[in-house]
Amino acid sequence: MASNEELFRKIIAHAKEYGFVFPSSEIYDGLSAVYDYGPFGVELKNNIKEYWWKSMVQYHENIVGLDAAIFMHPAVWKASGHVDAFNDPMIDNKDSKKRYRADVLVEDFILKLEDKIEKEAEKAAKRFGDTFDGKMFRETNPRVLENLQKIQEIKQRFYPALERNDLADVKLLIEELGIVCPISGSRNWTEVRQFNLMFSTQMGSVNEDANTIFLRPETAQGIFVNFLNVQKSARMKIPFGIAQIGKAFRNEIVARQFLFRMREFEQMEMQYFVRPGEEMKWYSYWKDERMKWHLSLGIPAEKYRFHDHDKLAHYANAAADIEFEFPIGFKEIEGIHSRTNFDLGAHQEYSGKKMQYFDQELDERYVPYVVETSIGLDRTFLAVLSNAYREEKLDDGSERVVLGIPARLAPIKVAILPLIKKDGLPEKARELMDTLKYDYRCFYEEKDTIGRRYRRMDALGTPYCLTVDHQTLKDDTVTIRDRDTMKQERIRITDVSIVLREKVAK
RNA sequence: GCGGAAGUAGCUCAUUUGGUAGAGCGGAAGCCUUCCAAGCUUCAGGUGGCGGGUUCGAGCCCCGUCUUCCGCUCCA
């Protein structure tokens with residue numbers, strides 16, 4: 001385990017050193033759980049996006065794209081359940097796995113105490129009959145006084161604690177009061193957490209007109225609210241899918257896991273709309289499809305596994321994660337969820353618009369069911385990067401650091417290197433560069449010895465290096481060097497483009 | 001969130017008990033050039049995380065603060 005953490009640290013350092021990923025706002029000490037993609041990182045990220053988009057949209061006639069705005073009407077998040085589920089101080093009981101609002105637990109406890117006082121008074125009233133003075137009793141009875149004082153103490157502590165968001169004190173109070181879970185009867189509580197999962201901001205330049213709106217915590221809702229627009233304008237027939245790549249934002253409580261858990265992240269999602277009753281068929285279809293996609297990246301199968309959910313979110317009737325073995329262990333990289341008709345149904349209810357589809361074959365109108373595939377772009381980036389990173393000891397005793405990034409995803413596809421910086425080799429190399437740069441992301445480099453330049457390209461994950469030497473001037477051939485095997489072969493300049501196309505597509 | 005450790009050049013680190021900062025690697029320019037790091041020359045780059053205190057004098061001592069890392073906690 002220790003060596004894996006070491007590895008993770010090395011990958012993070014390498015990512016920074018070689019221009020893949022920088023901590024956000026680093027010169028101001030950074031911004032926690034936010035990262036920037038550097039010159040080579042953005043290339044890799046774009047390549048992953050492009051590959052996903054092609055796999056989903058271009059290769060499926062019945063899947064179309066969408067790019068919905070990050071800002072959406074606040075009602076969207078009401079309908080989706082995000083507002084209610086994530087805005088209160090919550091606490092979980094570890095035994096019953098039940099989640100409670102912490103403020104409700106305490107207030108219920110206060111009610112119980114008040115109840116006790118009531119009962120005490122009732123009993124006394126019976127005992128004393130007509131001579132009973134309720135007011136006097138409450139002012140003098142020791143047990144009543146004790147409870148009253150307790151209520152007073154709780155209130156004086158509880159409300160200020162809520163006011164200043166002192167969740168630790170709220171938990172302490174719950175523990176000190178000995179509040180138990182009504183289901184498990186245990187006092188085994190988690191920390192109290194404020195579930196303001198969503199970031200908010202103001203829309204409207206004048207303050208008084210300002211409306212609080214949220215930065216979307218998932219891209220899916222942009223698809224759901226456009227369901228009718230897309231279905232009608234693109235004349236889609238069920239089953240069909242809508243795909244989208246975009247940023248989403250979550251106020252994570254604990255981040256600290258590099259790209260794995262960021263406050264601002266990017267999702268690649270596809271919502272597949274199906275007939276009610278057929279959702280399980282499509283759910284298992286997409287589970288298979290998505291796993292195949294991951295394996296097509298050339299990453300070994302043993303790095304992946306499925307994790308089926310037993311506990312389901314409020315909107316799902318089946319859910320599985322595809323997990324990847326990061327250096328920090330197996331973690332979710334993609335989720336495949338059968339979301340039922342929950343979302344479209346909720347939007348239909350809240351908006352009053354019919355979110356329905358008329359199925360001509362069935363001669364029936366219905367709210368479609370949805371199967372979602374949702375993959376974390378940043379997590380995929382991290383998976384590719386951590387799978388690619390390796391340190392090698394070579395036969396001659398030297399070492400090298402290589403990023404074995406699949407060629408089709410590599411930031412730089414090919415480096416063009418004159419063997420030495422004179423005898424007209426740079427000029428010849430430039431010529432070659434000019435013929436290739438429209439089709440491939442190229443990198444030209446003439447400084448330092450050829451060996452050092454190869455190593456630099458290895459560290460960037462550049463799969464191929466073309467070297468222009470003296471023989472090139474004579475017969476128009478160059479050597480092409482393979483990053484992984486370090487082997488070279490000599491090919492004709494006129495064949496370079498074809499050879500590259502074949503290799504890069506692999 | 002709690003506890004521990006650390007913050008000196010792009011990176012890795014050094015600076016013996018406080019006396020106004022160095023190395024290797026990397027980078028840039030040039031030389032040489034035999035296709036797989038470590039040949040030669042030159043150069044750039046640090047208000048020692050930030051703020052305050054003690055002292056004639058602080059990177060080194062004290063306090064505060066921020067950030068990072070590790071552990072625990074937590075994790076749609």
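Reckoned from all heavy atoms, side chains included, excluding hydrogens, waters and symmetry mates. In what follows, chains carry the letters A, B, and so on, assigned in the order in which the sequence lines appear, proteins first and then strands, with residues in each chain numbered from 1.
- The OG1 atom of T219(A) lies 5.0 Å from the CD atom of Q244(A); values are rounded to the nearest 0.5 Å.
- Residue H14(A) contributes atom NE2, which lies 14 Å from atom P of U12(B) at whole-angstrom precision.
- Comparing E17(A) and K331(A), the nucleotide of RNA chain B nearest to each residue sits closer to the 5' end for E17(A).
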What string of B, S and - do you get for nucleotides 34-41 of chain B, 5' to 3', if B is base contact, S is sugar-phosphate-only contact and - is no contact with any protein heavy atom under 4.0 Å?
-> -BBBS---
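- For E332(A), counting side-chain heavy atoms from C-beta on, the closest listed nucleotide (A76(B), G10(B), U33(B)) is A76(B).
- Residues passing the side chain to side chain contact (heavy atoms under 4.5 Å, CB included) test with A79(A), sequence neighbours excluded: A346(A), H347(A), Y350(A).
- The interatomic distance linking I174(A) (CD1) with G1(B) (C1') rounds to 15 Å, in whole Å.
- Remark: aromatic rings of Y285(A) and Y272(A) are distant, center separation not under 6.0 Å.
- S55(A) is linked by a side-chain hydrogen bond (donor to acceptor under 3.5 Å, both in side chains) to W293(A), counting only residues two or more places apart in sequence or in another chain.
- Annotation: G7(B) and A14(B) have their P atoms spaced 8 Å apart (nearest Å).
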Could you write out RNA chain B as a dot-bracket string, with dots for unpaired bases, | for bases paired across to another strand, and Watson-Crick or G-U pairs counted at under 3.5 Å?
-> (((((((..((((.....[..)))).(((((.......))))).....(((((..]....))))))))))))....
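- The CZ atom of F265(A) sits 8.5 Å away from atom CG of D378(A), with the distance rounded to the nearest 0.5 Å.
- With sequence neighbours left out, the salt bridge (charged side-chain N to carboxylate O under 4.0 Å, His left out) criterion links E332(A) to no other residue.
- A search for ring-ring contact (aromatic ring centres under 6.0 Å, His included) contacts involving Y389(A) returns H14(A), not counting sequence neighbours.
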